[in-house]
Amino acid sequence: MTTTELQQEALSRATGYKTVRNYRPIIQGFADKGVPESDVKPRENVFTYRAWQALGRQVRKGEHGVKITTWLPMPEKKNDAGEVTRKAGTRPKGATVFHV
């Protein structure tokens with residue numbers, strides 16, 4: 001994948017999913033950094049590094065974000081005989097998000 005494709009994928013993931021599982025850790029993390037809770041709006045002004053790049057923005061050098069755990073979908077996996085070797089589900093992945 002090219003860098004542009006990775007950026008667009010990150011942005012589509014950030015805006016496409018409708019779960020609110022990480023809202024509380026995001027809001028709390030930025031509140032601990034001094035950002036008022038009313039200014040933190042996930043999927044509006046809080047994104048990953050690559051999602052900000054896809055939006056034409058750049059994260060400042062040395063800037064620290066808030067670490068969260070995202071859950072990525074995994075399709076079921078079948079072997080050559082067509083037997084299911086892994087059920088469909090999700091897997092955890094760490095990510096860092098940055099406030100505008």
Study note, to complete from the structure: Heavy-atom closest pair (Thr70 atom, Ala95 atom, distance to 0.1 Å) is CG2-CB, 4.1 Å

Check your understanding: Among Ile26, Val66, Val40, which residue meets the side chain to side chain contact (heavy atoms under 4.5 Å, CB included) test with His99?
Key ->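 Passing option: Val40.
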
Exercise for review: Run through Phe30, Phe98, Trp52 and flag the one making a side chain to side chain contact (heavy atoms under 4.5 Å, CB included) with Val46.
Suggested key: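 With Val46 as partner, Phe30, Phe98, Trp52 yield a single side chain to side chain contact (heavy atoms under 4.5 Å, CB included), made by Phe30.
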
Practice item. Would you give the length of the straight line joining atom CD1 of Ile68 to atom OG1 of Thr48, rounded to the nearest 0.5 angstrom? Key: 8.5 Å

Review point. Do Tyr49 and Gln58 have a side chain donor and acceptor closer than 3.5 Å?
Key: yes

Exercise for review: Tell me, with the steps shown, if Arg57 and Val100 meet side chain to side chain contact (heavy atoms under 4.5 Å, CB included).
Suggested key: CA-CA 9 Å; Arg57 312 268 318 233; Val100 70; 3.4 Å; yes

Practice item. Taking atom NZ of Lys33 as the centre, report whether more than 12 heavy atoms of other residues, nucleotides or ligands fall under 6.0 Å from it. Key: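 Atom NZ in Lys33 is crowded, with more than 12 foreign heavy atoms closer than 6.0 Å.
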
Exercise for review: Please tell me if the side chains of Thr90 and Met74 come closer than 4.5 Å, counting only heavy atoms from C-beta onward.
Suggested key: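 A side-chain contact under 4.5 Å is absent here.
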
